[in-house]
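To keep things clear, I will list the structure first and then write my remarks on it.
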Amino acid sequence: METSPIRLPEPAALATTVASLQSRARTELAELVAFKSVADEAQFPKAECEAAAGWVADALRAEGFVDVALLDTPDGTQSVYGYLPGPEGAPTVLLYAHYDVQPPLDEAAWVSPPFELTERDGRWYGRGAADCKGGFVMHLTALRALKEHGGVPVNVKVIVEGSEEQGTGGLQDYAEAHPELLAADAIVIGDAGNFRLGLPTVTATLRGMTLVRVQVDTLEGNLHSGMFGGAAPDALAALIRVLDSLRAEDGSTTVDGLDADGTWEGLQYPEEDFRSDAKVLDGVSLIGSGTVADRLWARPAVTVLGIDCPPVVGATPSVHASARALISLRVPPGTDAAEATKLLTAHLESATPWNARVTTEQVGQGQPFQADTTSPAYASMAEAMRIAYPGEEMQTAGMGGSIPLCNTLAALYPATEILLIGLSEPEAQIHAVNESVSPEELERLSLTEALFLATYAQSKSNG
């Protein structure tokens, strides 16, 4: 179908409009951050997630979205969908974010309350401010700016997930059962971030992930360590040996049969920058081998997320009958997450000492992702970033985290171009205490997205 010529908004005027919308963006982000939307009923009431979903749905309706719906996904959470019609014959762009957040961890370690957006030292602090409630506000701001400059030149679908941080796959399952719902010409995933504050970056790869719970049992019940210690098999000690077997002496991940020698050929991550970003204590060595980029984006990485064992305070002199741990294994593009899960479980079982009983359970999994950065949408994004970040060129980097939905979308829509941008630059400290977002980055990326949508619409019109 022939489309009408697309007139690009004047960049300076568009930038002025985006700047004028920042006060509203802060107010709305504060409202959204206030919901304790951790998608785990064992930690926070489900009503918090439901209220956040309702807020997102209301925001879409207020912007003229139609077909707004709260989608009940198979994992018991809700994703929010909406559709904004554009000009006849225009391409369709899907914008993604998620409203669920990581738990705040140690609330006492937060300088300001985690669910109260607080401005400090030029940043806005609060759980989800960058990951990824700020991503949804970024989408809203970009669309509002375009409306003031001739209208949104594309059809827009928005999907805001409710359980991304839990990795339970509700939206993936829903999308596979309703493949027409999220179909689009291009998809912008607003859940990544610039490599460095002020350096415009698209994320080209994501590591996949598997979550495995392992339990070791040795006795019918705990025993007095004075009477039985030294001969009775201690389940906690056995588990410690199992977990230690997952790392080499230098800290490299060592899962039997899993390739751990990949290399990263793109943008590099200087070690001194990484030490600063990760806040590594003076004198403490980094782990692993190869470049930092190799370790983060091209090789597997195992992390023990938690151990069930008695705390030091109140501990009794006992030989433990049972112990368990939750293990995360990140895997790079080129490695099948399902195969990695099999290798990990086999390793855990073979490494268990003393003929202890060991059981494993997979509790989450997502495949790695690699984008096609030669696709036309990337040219539009590069142009948008060049304007929004004067003097800078778009960079491509990897991300060690996982967004399992990306692979689902890539499989459902193989011709669709998928781009990853967002607010989670290193200073944001996502998933940690004192998460924050840079308001300047929110402004620049809102402008970037608005420019991208206009430039992309024009390129499709000309094509």
Side-chain angles (χ1 to χ4, degrees), residues 7-35 52 55-65 68 80 82 84-86 93 95-99 117-119 122-126 128-158 160 188-191 193-194 197-198 200 380-381 383-390 421-425 428 436-457:
R7 291 186 59 187
L8 290 178
E10 202 283 314
L14 191 61
T16 298
T17 300
V18 169
S20 72
L21 292 168
Q22 290 307 291
S23 176
R24 182 177 182 181
R26 188 194 186 286
T27 297
E28 291 183 328
L29 184 56
E31 293 175 2
L32 197 48
V33 164
F35 297 110
W55 190 98
V56 170
D58 288 343
L60 292 178
R61 293 188 188 100
E63 293 304 318
F65 278 75
V68 176
V80 187
L84 183 68
V93 178
L95 305 179
Y96 167 91
H98 63 85
Y99 67 81
L117 194 69
T118 304
E119 186 166 358
R123 297 183 68 92
W124 300 341
Y125 287 80
D131 183 25
C132 177
K133 293 176 176 179
F136 177 62
V137 173
M138 175 186 74
H139 295 327
L140 288 179
T141 303
L143 296 175
R144 287 168 179 158
L146 287 170
K147 285 180 179 179
E148 295 190 26
H149 293 271
V152 179
V154 296
N155 302 300
V156 176
K157 293 181 178 180
V158 166
V160 186
V188 179
I189 305 289
D191 192 24
N194 286 341
L197 185 66
S380 296
M381 183 61 76
E383 178 62 19
M385 287 184 161
R386 189 177 300 116
I387 297 170
Y389 291 81
I421 62 172
L423 301 165
S424 298
E425 39 78 28
S436 68
V437 68
S438 162
E440 289 80 11
E441 203 80 305
L442 175 58
E443 181 177 335
R444 285 188 292 245
L445 282 167
S446 298
L447 176 60
T448 294
E449 186 164 274
L451 289 165
F452 164 75
L453 293 174
T455 304
Y456 182 68

Query - Verdict with supporting geometry, W124 and V33, side-chain contact (heavy atoms from CB on, under 4.5 Å) - result: CA-CA 11 Å; W124 300 341; V33 164; over 6 Å; no
Query raised in the report: Yes or no on side-chain contact (heavy atoms from CB on, under 4.5 Å) for Y456 and V188, after CA distance, side-chain angles and deciding distance?
Result: CA-CA 12 Å; Y456 182 68; V188 179; over 6 Å; no
**Report entry** Residue pair T448, M381: steps toward the side-chain contact (heavy atoms from CB on, under 4.5 Å) verdict
**Finding:** CA-CA 8 Å; T448 294; M381 183 61 76; 3.7 Å; yes
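Minimum interatomic distance between V156 and V152 (heavy atoms only, all atoms of both residues): CG2-CG1, 3.7 Å. Considering every non-hydrogen atom in both L21 and A145, the closest pair reads CD1-N, 3.8 Å. Scanning all heavy atoms of the two residues, the minimum distance from A129 to L423 falls at O-CD1, 4.5 Å. Between S446 and A142, the closest heavy-atom pair is O-CB, 3.4 Å. Minimum heavy-atom separation, G64 to L84: O-CD1, 3.6 Å. Minimum heavy-atom separation, C132 to G190: SG-O, 3.2 Å.
Interatomic distance, H139 NE2 to L60 CG, rounded to the nearest 0.5 Å: 10.5 Å. Note that the CG atom of L8 and the CG atom of L453 stand 11.5 Å from one another [nearest 0.5 Å]. Separating the CD atom in Q22 from the OG1 atom in T141 is a distance of 6.0 Å, to the nearest 0.5 Å. L117 CG to S436 OG: the interatomic distance, rounded to the nearest 0.5 Å, is 10.0 Å. With rounding to the nearest 0.5 Å, the separation of OG1 in T455 from CZ in R386 is 10.0 Å. Atom-to-atom distance recorded for Y125:OH and E119:CD is 10.5 Å, nearest 0.5 angstrom.
At distances below 3.5 Å, not a single donor-acceptor pair connects side-chain atoms of E63 with backbone N or O atoms of A59.
Taking 4.5 Å as the limit, some side-chain heavy atom of Y389 sits within range of a side-chain heavy atom of L445. Within the 4.5 Å cutoff, the side chain of L29 has heavy atoms near those of the V437 side chain. Using a 4.5 Å heavy-atom cutoff, the side chains of V80 and F136 are not in contact. At least one side-chain heavy atom of E28 sits less than 4.5 Å from a side-chain heavy atom of W55.
Under the 30°/60° scheme for interplanar angles, the aromatic rings of Y96 and H98 are found to be tilted.
Each of I421, L451, L447 was evaluated against M385; a single residue qualifies, I421, per the side-chain contact (heavy atoms from CB on, under 4.5 Å) test.
Listed by first and then second residue, the salt bridge (charged side-chain N to carboxylate O under 4.0 Å, His left out) pairs that reach into residues 443-454 are E441-R444, sequence neighbours excluded.
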